[in-house]
Every structure is written in C-alpha cells, then in structure tokens.
Amino acid sequence: MNTFDADGVTLREVEDDVWELERDDEMRVPARVFANETLLEDIQNDKTLEQLRNVACMPGVVAPALCMPDGHQGYGFPVGGVAAFDAEDGYISPGAVGFDINCGVRMVKTNLTYEDVRGREEELVDALFDAVPCGLGGGGVHDVSHTDLEAALERGVDWCVEEGYAVREDRLHCEDEGRRPDADPSAVSKKAKDRGANQMGSLGSGNHFLEIQRVTDVYDDETADAFGLDEDQVVVLIHCGSRGLGHQVCSDYLRRIEQEYPDLTEDLPDKDLAAAPAGSELADDYYGAMCAAINFAWVNRQLITHAVRETFADVFDTSWQALEMDLLYDVAHNIAKKEAHDVYVTDDGYSLDGDGGRVQRDLYVHRKGATRAFPAGHPDVPTAYREVGQPIIIPGSMGAGSYILKGGSQSLARSFGSTAHGAGRLMSRTQAKREYGGGEVQTDLREQNEIYVKAASGETIAEEAPGVYKDVDEVVGVSDALDIGDLVVRTFPIANIKG
DNA sequence: ATGTAC
C-alpha cells in the first residue's frame, strides 16, 4: 500500500486517490484526503493536513473528516474541507463554513457561439464592467430599502421573482431553490445589515469574478444535452458571495461562541474552530443568521444575473429571452446545512463506513470550499436534471478552463454528497504578489491566450494569476475517478472581470 | 473573503 510522508504526518493510500491520515489518540474519527500524488505535493505545503486532523478531533464529528482534491489552508478549517456533525448531539462551527457565507458560482447559458462574440470582447466586457459593481467596498446594482433587505434575507431568490429580477425557472435552478426557509433575519446584527445594504448586486474582490467562456469539450453527450450545453456555446460564469454582510455574521458569531462557551473553545485543538452545541440557542441563532446570509448571497448573484442579461440584450440589440440566457445552475461553496444522510452506528459514533444496518440521521454538513454533488435520482436534484445528476460548476483559474460535472453515484457514500469547488490555491495572496505583477499577467493572458481581463485592481490580478492555482485538470480528474462528481463539459475563458 | 485590527 502506498504511503506519503508529508511534513510531520504520514498518509496511507487506502484505495486509489483516497489517503488517510495516521490516526492519533485525540482524533475521534478517520481523516481522509481525496487526491493523487501530484495534488498531495501541493496540499502538504501549508497547514491543510494539520487543520484536517484538528477537524477529526472535534466532538460530535461524524466519520470521516474530509479534504477535497482542491484543498488548502483556511481559517481553522481547510478550504476544500467537508465535515458532518450530528444535528442533535453535534456542533455547528462558523469557521467550518467560512467568512464568505454562500460564496458560490452560477452559470448562465446563451445561444451565442464563439463567432458571435469574437472581436466584440472589449465592447461586451466594458459594458459589463459598467453594469456590475466590483471591487472592495459599497455600491450595488440596486439601492435597497431596509424593508427590501429584510425581505431578501428572508426569502432569497423568491424575493427576486417578486421584484422582477428573476424568473421562476431561475429559482428552480438554484441549490435549495435559492431560499433557505430557516433564515432568521432578526439574528443578523444591525452592523451586518448596514454593511450589506449598499452591496446587493456587487461582485466584490479576491477570487470573485464574472467570466465569459465558450464550451470547448463535451465528455458526456447525454448529460450535456440534459444541461443544454453544446460545443462552441458561449456561457457566463458568476462567482461571488455575501460580501460584508456574510463576513460580519461570521465575525459576530465567532465572538459570541468564544464568549459564551469559553471552556469548550479552549478544549478545541484550534480556537478558530469554535463551535456551538447543536440545539443551543446560540447554535440556532447562528444557523438562522447564516441561512439569511445564504439568501443574501443568492440575491446578490441573481441581481448580477439580471444586470448581465440586460447588458447582453443591449450589446446584441435584442432581449435576453431571445438570447436564451437561462440559468444552468447555482451552487453554494461555503455553507452548513441540515441534511438527512444514511450512516452506520460505530464505536466512534456515526460513520459513512461500516457494515450492518444503516440509520438515517440529520447532520449539519459543513462544506467550506466544497460543492454539493447529489447524484441522479436524489429528490433534491431539480426535476430537469433528476435523471442525470446535479450540475456541478468547477471554475479553474482565469487562464485555465472550467468544468461542468454531474453529481456522481458514489458521492453520498464517500463524501456526504460533496466534491471540489475549484482549482484551489497553491500560495497565499501575499506570496502571489511577490511572484507576479498584475499588468504582466493581464498582458500575457491577452497575447498568449486571447483572454481579455479587466479588473478594478491590478493587485487582484496578481493575487489571482493562473500560476497561484493548482492544476484544475488534476482536481476534476480525482473527482471523476472517485465517481463523486463526473466530467460533462469543459469551457475556456474569453473574457474575465475581476474585483 | 473582508470598510485587510479591538
């Protein structure tokens, strides 16, 4: 059996592309990394493995603690981490969701081909850049009243439908149908609401982007057909989150947990994993506030979608309906969700592995930098995709392609119905700025790859240079091989707008 | 990710 010696820890390959951390006494459950050796070389370079081990030490964790192939170091909990906790006896942890609650990505289709947009990239990008606010700070597509903000937090994409920013089909093509009914706007602080009020319909900064792409490869004709994707088709990817509002919700509740449960926080291997006991008032407040921030992020992506549709209609002198700019799907990257999963009862508690009878338990599934990947037949997959599986969108870097996958048949058994969310960083933003210059990256992409990049900040381009990311081909290759998310199509960038 | 710190 293969082993891999990372700094201070040995991993054992228990089956192809599944690596288990050496178990110590403090770990309550096994910890696994889905990767090949190329990706493991990258993953071992920061604190990812140490953080994954810490997650496996947390009380109430359901086996196993997981790291997806794009995993890298995060706040307390790896980005690319998946961990489930029993919803009665377990915990819910803001650090295991992340600061950017419901950061996520959606794909909007068009009936344009690459020929239709060739030569007009600059015109299109300039128009989109004007229509969609981006970068740090305030300014959104729409100024909203306090009443509107409350409604958006409460009802998510349903509010967008009511206000004419979405059609009913948009709602059906979002995870959770674009609305978490457990949202509790009263659990969101005034400070968080103030930060979000003038940011509704804005891209933000960092790795967030708006990208025009073309479909270059189709690997699975039947599923591509069900998804309405075809070679040479132009599509738009929108990647953003809950801006200052989600960030503030995360900060607020991390502080409250540390204050109200100091002993519990002290006992954790890393206080950044601070967690509230399931069933406590604080856990319920955080869950309600997090769900409201989730709804806010969906509204954010929907308002941007509305602006993108209007801009395309303007540039091509027609309507977005005539351009068939329908939403393929919208997936969440940073969330915790109460989901029912089939698990075995073991000496450690509950586990995805075992023999004998299985029981169904409600779990808080934390996916941080990970995508839900429900398989064909699952009732939570929209009717339009029920027979093939949930669409999964995996953006590569701005110089690489992106992939559309479908939920794989092994996702529930292996990963609580989850897979990767992107290429995954190779280095910190600080290091990226030392290694790259924004202007040079921008010129190279244009001259070598015919990708037109426009950004609010040159520093962001350096931080997001293609070289700071892992090889997305390797990431989706592991997902496909493990049958947790299977390849459907590949896309390549035409133009990219960054915050 | 983020009005890049309490």
Side-chain angles (χ1 to χ4, degrees), chain A residues 46-48 51 70-81 93-105 133-140 188-200 202-210 238-259 262 271-272 274 289-290 293-294 296-298 300-301 304 331-336 366-371 395 397-398 421-434 438 455-464 468-469 497-499:
Chain A
D46 57 25
K47 291 186 190 301
T48 312
Q51 292 185 333
D70 54 338
H72 62 91
Q73 181 182 334
Y75 176 87
F77 188 100
V79 175
S93 167
V97 171
F99 276 85
D100 192 4
I101 297 167
N102 192 10
C103 167
V105 61
C134 69
L136 284 171
V188 178
S189 67
K190 180 178 183 304
K191 193 174 178 185
K193 287 173 184 168
D194 286 345
R195 286 182 71 175
N198 68 341
Q199 296 183 327
M200 286 217 331
S202 65
L203 215 43
S205 184
N207 64 354
H208 292 160
F209 63 77
L210 198 166
I238 298 164
H239 180 205
C240 63
S242 50
R243 303 295 327 275
L245 185 139
H247 193 277
Q248 192 63 47
V249 166
C250 184
S251 306
D252 288 344
Y253 282 93
L254 280 171
R255 197 173 61 238
R256 265 188 68 186
I257 290 170
E258 283 178 45
Q259 282 169 351
K271 75 167 181 55
D272 293 350
M290 180 198 59
I294 286 172
F296 181 87
W298 272 319
N300 197 25
R301 291 198 282 280
I304 292 171
V331 295
H333 288 165
N334 289 2
I335 53 104
H366 296 66
R367 299 188 184 94
K368 178 184 182 182
T371 311
S397 72
M398 58 181 152
H421 83 308
R425 295 192 76 86
L426 278 175
M427 62 182 86
S428 68
R429 295 181 182 281
T430 318
Q431 194 187 340
K433 277 184 279 195
R434 279 199 295 267
S457 137
E459 283 208 333
T460 306
I461 300 182
E463 289 172 10
E464 297 294 320
V468 315
Y469 281 95
I497 289 171
K498 296 207 66 72

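Model, not experiment: these values are computed from the prediction. Here is how names work: the chains are called A, B, and so on, in the same order as the sequence lines, proteins then strands, and each is numbered from 1.
Counting any heavy atom pair closer than 4.0 Å across all strands shown, A/Gln199 reaches sugar-phosphate atoms only and no base atom. Within the nucleic acid shown, A/Gly206 comes within 4.0 Å of sugar-phosphate atoms alone, with no base atom in reach, counting heavy atoms only. Backbone-only contact: A/Ser205 has heavy atoms under 4.0 Å from sugar-phosphate atoms and none from a base.
Regarding A/Glu464, its CD atom lies at a distance of 14 Å from the C1' atom of B/dT2, rounded to whole Å. Atom CG of A/Asp194 and atom P of B/dT2 are 18 Å apart (whole Å). Distance NZ (A/Lys191) to C1' (B/dC6): 9 Å, rounded to an integer number of Å. For the pair A/Arg255 CZ and B/dT2 P, the computed distance is 19 Å after rounding to whole Å. A/Leu254 has its CG atom 15 Å from the C1' atom of B/dC6, to the nearest Å. Taking atom CG of A/Asn102 as the reference point, atom C1' of B/dT2 lies 16 Å away to the nearest angstrom. Across the protein-nucleic acid pair, A/Asn300 atom CG and B/dT2 atom C1' stand 14 Å apart, rounded to whole Å. Rounding to whole angstrom units, CD of residue A/Gln248 and C1' of B/dT2 are separated by 10 Å.
Screening A/His421, A/His208, A/His366 for a ring-ring contact (aromatic ring centres under 6.0 Å, His included) involving A/His333 leaves a single residue, A/His421.
Residues that satisfy the side chain to side chain donor-acceptor pair (under 3.5 Å) test with A/Lys193, not counting sequence neighbours, are A/Glu150. Legend: residues meeting ring pair (Phe, Tyr, Trp, His ring centres under 6.0 Å) with A/His72, ordered by chain and number and at least two apart, are absent.
The structure places NE2 of A/His239 at 9.5 Å from CG of A/Leu203, a figure rounded to the nearest 0.5 Å.
Nearer to the 5' terminus of DNA chain B, by closest-nucleotide assignment, is the contact made by A/Asp100 (compared with the other of A/Asp100 and A/Glu459). Each of A/His247 and A/Leu136 has a nearest nucleotide on DNA chain B; the 5'-most of these lies closest to A/His247.
By the 4.5 Å heavy-atom criterion applied to side chains, A/Asn334 and A/Ile101 are not counted as neighbours.
Between B/dT2 and A/Arg243, a contact under 4.0 Å exists linking OP1 or OP2 to a side-chain N or O.
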